Amino acid sequence: MKSFIKSLPKAELHLHIEGTFEPELMFELAARNNIELPFESVEALHKAYDFSQLQDFLDIYYQGMNVLRTEQDFYDLTWAYLEKVNAQNVRHVEIFFDPQGHVDRGISFETAINGIHSALTAGLKEFDISFGIIMCFLRHLDEDDAIKTLELAIPHKEKIIGVGLDSSEMGHPPSKFEGVFAKAREAGFHIVAHAGEEGPPEYIYEALDLLKVERIDHGNTAMQDPTLLKRLAKEQMPLTVCPLSNTKLCVVGDMKNHPLPHMLEAGLKVTINSDDPAYFGGYLNENYEAISPIINDDKNILALLAKNSFDSAFISASEKSRLIAEVDDYLNKLS
Ligand code: ADE
Ligand code: ZN
């Protein structure tokens, strides 16, 4: 199954670039920038990756990104991710970044976006991995801050395909950001939002009805609401599910009890993603491997998940067809 997954063409649609910061690279960049990390060693940092809820992770994630200072740092971070997923036959990536996590500590929007964008452009050339960049608003901050961030993004519009919403979910419903998402839609950005990772189904309704999202990031708590499940299935609203993230952040107690099979039975358009792979113990293929046993190692379902990832991407219909055909060719050659 491992080798089937390894060569399966696939897309990643839910990936925080700051969540790909491996401890080894973090120490390297900290030394380069003369920054003292509050951990003694790579091993000590690894040991700290023990979370019982989303906020435990976010505290360490924001601390880690403090090491990123220069355009080259953002380039190196993004390039390291691309090298990893190139070895996993990932054919298309849509990458989140958190501009407020950088601007608020004195790093310019330009520094972050230019470093990320030039690495992705080089990755397209060298690995033939196509890409999109989605900037996320931090929901624990207020809407005015998000509006200022949207204004910073406008001069870089051609480098950014979409706008998302992430960080601490509980107590920060999508409704808090209705105005800024309306502005983002007017500016022509695609719209996504984290909803239903820890928050109630109500937050998923708000993401759909108030923010007018085109994909739901996570969406696990939709399982509590049969009416919502029916709607998500009817609208074929893509869900970017992140299995290793879910177990690491205790959204799901055990992978055996992951709702993925029930999501598929309910007819939802599910995709598999890695979220913050450096913190959660695996990149895209490790996430496919993690869920393979609970779908009885069914290659057709694994292929369906990969096809869903292309079909849910912000790419043209012809790009979708071309990439989905790669999956079909791969399956046909096996049989
Ligand atoms: N930022 C990075 N990873 C996140 C996640 N899983 N949920 C919310 N915000 C995030
Ligand atoms: Zn996420």
Side-chain angles (χ1 to χ4, degrees), residues 11-22 26 48-66 68 77-78 81 93-102 104 112 116 132-141 145-146 149 162-174 176-177 190-200 203-204 206-207 211 213-222 238-252 258-259 270-284 286-287 290 309 312:
E12 170 127 270
L13 305 178
H14 183 155
L15 180 281
H16 303 262
I17 196 62
E18 298 91 344
T20 67
F21 213 171
E22 292 287 350
M26 199 181 286
Y49 295 174
D50 183 22
F51 315 115
S52 57
Q53 56 180 339
L54 174 60
Q55 194 60 48
D56 299 343
F57 154 70
L58 290 171
D59 292 343
I60 213 162
Y61 165 86
Y62 293 123
Q63 195 176 60
M65 70 171 78
N66 182 40
L68 296 164
L77 177 70
T78 309
Y81 166 70
V93 294
E94 292 180 6
I95 286 184
F96 296 136
F97 84 116
D98 285 330
Q100 289 150 298
H102 309 301
D104 291 0
I116 296 167
I133 299 177
I134 298 173
M135 64 168 206
C136 287
F137 299 128
L138 298 181
R139 68 201 306 157
H140 65 273
L141 301 177
D145 209 287
T149 308
V163 164
L165 185 65
D166 67 0
S167 193
S168 321
E169 188 176 12
M170 294 303 283
H172 303 286
K176 184 176 157 187
F177 297 94
H190 286 290
I191 303 293
V192 299
H194 284 54
E197 181 181 18
E198 289 185 339
Y203 285 20
I204 302 177
E206 287 190 11
L211 307 188
V213 292
E214 296 161 76
R215 297 195 297 247
I216 294 280
D217 295 315
H218 295 295
N220 296 53
T221 62
L239 257 50
T240 61
V241 171
C242 305
L244 290 173
S245 165
N246 290 161
T247 50
K248 199 74 183 167
L249 299 183
C250 306
V251 168
V252 171
H258 195 281
V270 184
T271 66
I272 298 295
N273 306 273
S274 72
D275 206 5
D276 300 283
Y279 293 90
F280 301 153
Y283 286 76
L284 193 50
E286 288 77 21
N287 276 275
S309 71
S312 307

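Everything numeric in this text was worked out from a predicted model, so none of it was measured. Residue numbers run from 1 in the order of the sequence given. As a basis for the values below, the full set of heavy atoms in this structure was taken, side chains included, without hydrogen atoms, waters or symmetry mates. Note that ligands are numbered from 1 as they come in the structure, with each ligand's atoms numbered from 1 the same way.
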key: Exam field: side chain E169 to backbone G199, donor-acceptor pair closer than 3.5 Å   = yes
query = Are D59 and Q55 close enough that a side-chain donor and a side-chain acceptor fall under 3.5 Å?
reply = yes
key: Under the ring-ring contact (aromatic ring centres under 6.0 Å, His included) test, residues paired with F96 that sit two or more places apart   = H14, H16, H194
ask   = Tell me, do D275 and E197 make a side-chain contact under 4.5 Å, heavy atoms counted?
value = yes
request  = Please list, by chain and number, the protein residues whose heavy atoms come under 4.0 Å of ligand 1.
outcome  = H16, L54, F57, L58, Y61, D166, S167, H194, E197, H218, D275, D276
Check: N273 and D217 side chains under 4.5 Å, non-hydrogen atoms = no
remark   = Residue set satisfying side-chain hydrogen bond (donor to acceptor under 3.5 Å, both in side chains) with D145, at least two apart, ordered chain then number -> Q100
ask   = Do Y203 and H218 make the cut of ring centroids closer than 6.0 angstrom?
value = no
query = Aromatic ring centroids of Y279 and F57 under 6.0 Å?
reply = yes
ask   = Which protein N, O or S atoms does the Zn ion (ligand 2) have within a distance shorter than 2.8 Å?
value = H14 NE2, H16 NE2, H194 NE2, D275 OD1
ask   = Is it true that the side chains of E286 and S274 contain a donor and an acceptor less than 3.5 Å apart?
value = no
